[in-house]
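Okay, structure first, notes after.
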Amino acid sequence: MRFCVEARDPGCAARSGRLTLPHGTVETPVFMPVGTQATVKALSSEDLELLGAEIILANAYHLYLRPGVETLRAAGGVHRFMQWDRPVLTDSGGFQVFSLAELNKVTDEGVAFQSHLDGSRHFFSPESAMDIQRGIGADIIMCLDECTEYPAPFDRAAASMRRTLAWARRCKTRWEETRSGSQALFGIVQGSTHEALRRECAESLVEIGFPGYAIGGVSVGEGKAEMAAAVAWSAAVLPEDRPRYLMGVGAPDDFLTGIELGVDMFDCVMPTRNARNGTLFTRAGRVNIKNARHARDFGPLDPECPCPVCARYSRAYLSHLFRAGEILALRLNTLHNICFMLQLASRACAAIRQGRFREFKDAFLQSYRGEDGV
RNA sequence: GGUGGGAUGCCCGAGUGGCUAAAGGGGACGGGCUGUAAACCCGUUGGCUAGCGCCUACGUUGGUUCGAAUCCAACUCCCACCA
């Protein structure tokens with residue numbers, strides 16, 4: 001993996017760069033659509049290519065349970081399996097420690113958990129998380145971490161962060177021992193909403209040394225201000241010449257906030273999930289396609305949007321498809337929302353390269369949040 | 001023509017004397033969703049009122065009863081089977 005920062009915005013920490021991975025090059029800041037089970041829900045690999053997605057996520061926990069690592073290995077890796085030739089990043093399953101907490105037991109050794117599919121018992125250690133992700137074959141793999149719940153008192157957050165740190169050391173060791181090809185390993189900063197912990201975690205990770213660094217444990221229920229603070233504290237410590245990945249973010253405004261704070265990579269289920277649930281992103285703000293006022297609106301969702309959906313279909317049609325429970329609604333809505341996020345990323349990129357990111361962000365938010373900026 | 005069954009809120013449908021402005025669906029209306037157990041989840045859905053509350057409602061009309069969607073009678077309409 002190679003990463004080089006090509007432009008820095010003079011008004012903030014935003015930067016734009018190029019990340020070279022085994023399966024291709026990614027221009028940053030980048031939005032990575034989430035394809036948990038080796039599919040970005042409702043889209044095919046050719047859809048993603050057409051939309052211009054440069055890298056997508058997959059999830060080690062989910063793929064380990066189904067179809068299983070052996071199947072992926074036999075397929076020739078996740079890229080061949082899903083016929084996607086561009087980069088892939090896998091999350092380790094650390095987030096499932098958080099989201100499926102009632103099925104887990106976490107110890108210093110690792111995570112004992114029951115499958116949400118059939119209740120069968122399994123164990124993830126930092127070492128097995130590396131082995132699994134090596135089998136899946138993504139371009140970037142993540143350390144096993146403990147995504148700390150919110151709110152977390154200082155002592156709890158400290159203990160959780162130190163566990164993540166200990167696991168990061170073990171992941172690094174295993175990754176170096178078994179290193180295959182040029183899979184890159186990212187460490188993950190935890191520490192909840194505590195500045196001292198964020199700083200300590202980031203410093204320690206940098207000391208261990210990783211090709212890239214992620215900021216995790218964010219967007220788990222804290223407010224936007226607390227999220228921004230956690231990101232800022234973490235990013236401030238991370239080395240300039242390594243990519244920074246903000247995990248699970250975000251909403252369009254949070255995405256721009258992250259970029260402003262110097263983050264390069266983002267992933268979020270919001271555009272895909274919201275699309276399936278009827279909320280669509282437009283330059284003029286969120287549109288709930290279920291609302292009665294769209295039923296006879298024969299104009300496009302967003303007249304400025306270059307996506308294949310806005311080019312061809314009306315709000316009235318999208319409204320009808322959604323109400324009727326048609327499967328096409330999910331697909332068209334997802335195409336649009338993913339296109340929206342990719343567009344936003346590429347416009348942010350251009351703005352940074354022109355040295356006017358803050359201006360761009362303010363203009364975007366004014367339109368997105370409405371005249372009042374609420 | 002005969003026998004039996006049935007008519008409940010926008011729709012379907014439960015409810016056989018008081019705890020019923022009436023279960024449960026659906027639809028409609030609105031909201032939520034941030035490293036995906038999510039094509040999911042939550043709220044509202046007779047009228048008036050800030051609220052206490054009042055009014056109007058279970059095919060129609062009348063009756064029994066302290067009290068009826070629930071019991072009785074007649075009527076109207078629907079369905080099934082038999083001729």
Side-chain angles (χ1 to χ4, degrees), chain A residues 31-43 55-63 65-66 89-104 113-119 129 133 138 140-148 150 164 186 188-190 214-224 226-228 230-231 245-258 263 265-281 286-295 319 321-334 337 341:
Chain A
F31 179 78
M32 308 184 283
V34 178
T36 304
Q37 309 203 68
T39 165
V40 174
K41 295 186 193 300
L43 301 185
I55 172 172
I56 62 171
L57 236 69
N59 184 283
Y61 165 87
H62 288 278
L63 294 178
L65 288 178
R66 185 171 57 193
L89 179 154
T90 43
D91 186 21
S92 61
F95 184 72
Q96 279 64 42
V97 174
F98 162 81
S99 65
L100 301 174
E102 57 283 21
L103 297 171
N104 292 331
F113 62 94
Q114 278 191 276
S115 163
H116 68 282
L117 299 173
D118 64 6
Q133 293 184 83
I140 297 173
I141 66 176
M142 302 302 298
C143 284
L144 185 67
D145 68 327
E146 181 176 66
C147 181
T148 311
Y150 176 86
T164 286
F186 280 30
I188 303 173
V189 181
Q190 291 289 342
I215 299 165
V218 120
S219 68
V220 287
E222 79 285 7
K224 286 178 185 293
E226 276 192 304
M227 185 197 296
V231 172
Y245 162 29
L246 181 54
M247 306 183 81
V249 174
D253 54 339
D254 295 331
F255 177 63
L256 296 181
T257 299
V263 175
M265 305 162 66
F266 300 81
D267 79 281
C268 191
V269 305
M270 192 178 273
T272 45
R273 181 185 288 167
N274 279 13
R276 295 193 306 284
N277 294 336
T279 301
L280 301 169
F281 298 137
R286 292 160 25 134
V287 166
N288 186 340
I289 201 65
K290 293 175 283 192
N291 288 171
R293 64 175 182 279
H294 307 303
S319 160
L321 291 177
F322 197 87
R323 284 166 192 276
E326 283 293 338
I327 198 164
L328 182 59
L330 309 184
R331 183 171 145 67
L332 296 182
N333 290 352
T334 304
N337 272 2
M341 289 306 298

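Keep in mind the model is a prediction, meaning the values are calculated, not measured. Quick note on labels: first sequence line is chain A, next is B, and so on, each numbered from 1.
Within the 4.0 angstrom heavy-atom criterion, base atoms lie near Glu102(A). At the heavy-atom level, Ile188(A) lies under 4.0 Å from base atoms of the strands shown. Counting any heavy atom pair closer than 4.0 Å across all strands shown, Asp267(A) reaches sugar-phosphate atoms only and no base atom. Across all strands, Gly217(A) comes closer than 4.0 Å to base atoms (heavy-atom distances). The residue Gln114(A) sits apart from the nucleic acid: no heavy atom pair falls under 4.0 Å. Across all strands shown, Ala292(A) has heavy atoms under 4.0 Å from sugar-phosphate atoms exclusively, and none from any base. Across all strands shown, Arg66(A) has no heavy atoms under 4.0 Å from either base or sugar-phosphate atoms.
For Asn59(A), whose side chain is taken as the heavy atoms from C-beta onward, the closest listed nucleotide among C40(B), U36(B), U34(B) is U36(B). Ranking C33(B), U34(B), A37(B) by closeness to the Leu103(A) side chain, first place goes to A37(B). Comparing A38(B), U34(B), A37(B) by their closest approach to the side chain of Gln96(A) singles out A37(B). If you check U34(B), G35(B), C29(B) against the side chain of Val249(A), the one that comes closest is U34(B). Of the candidates U34(B), U36(B), G32(B), the closest approach to any side-chain atom of Thr272(A) belongs to U36(B). Comparing C33(B), G35(B), A38(B) against the side chain of Met247(A) picks out G35(B) as the nearest. Minimum atom distance to the side chain of Asn274(A) is reached by C33(B), of the listed U36(B), U34(B), C33(B). Considering only side-chain atoms of Lys41(A), the nucleotide from A37(B), U34(B), U36(B) that sits closest is U36(B).
Below the 3.5 angstrom threshold, one finds no donor paired with an acceptor across the side chain of Ser99(A) and the base of U36(B). No N or O donor and acceptor, one from the side chain of Asn291(A) and one from the base of G30(B), sit under 3.5 Å apart.
Applying the Watson-Crick and G-U wobble criteria (two distances, each under 3.5 Å), G62(B) pairs with C72(B).
Annotation: of the two residues near RNA chain B, Glu326(A) and Arg323(A), the 5′-most nearest-nucleotide partner is Arg323(A).
Test Ile188(A), Val189(A), Ile215(A) against Met247(A) for side-chain contact (heavy atoms from CB on, under 4.5 Å) and you get one pass: Ile188(A). Looking at Thr257(A), Val220(A), Val218(A) one by one, the single match for side-chain contact (heavy atoms from CB on, under 4.5 Å) with Met227(A) turns out to be Val218(A).
A centroid separation of less than 6.0 Å is found between the aromatic rings of Tyr61(A) and Phe113(A).
Using modelled atom types, no side-chain atom of Arg286(A) and backbone atom of Thr279(A) make a donor-acceptor pair closer than 3.5 Å.
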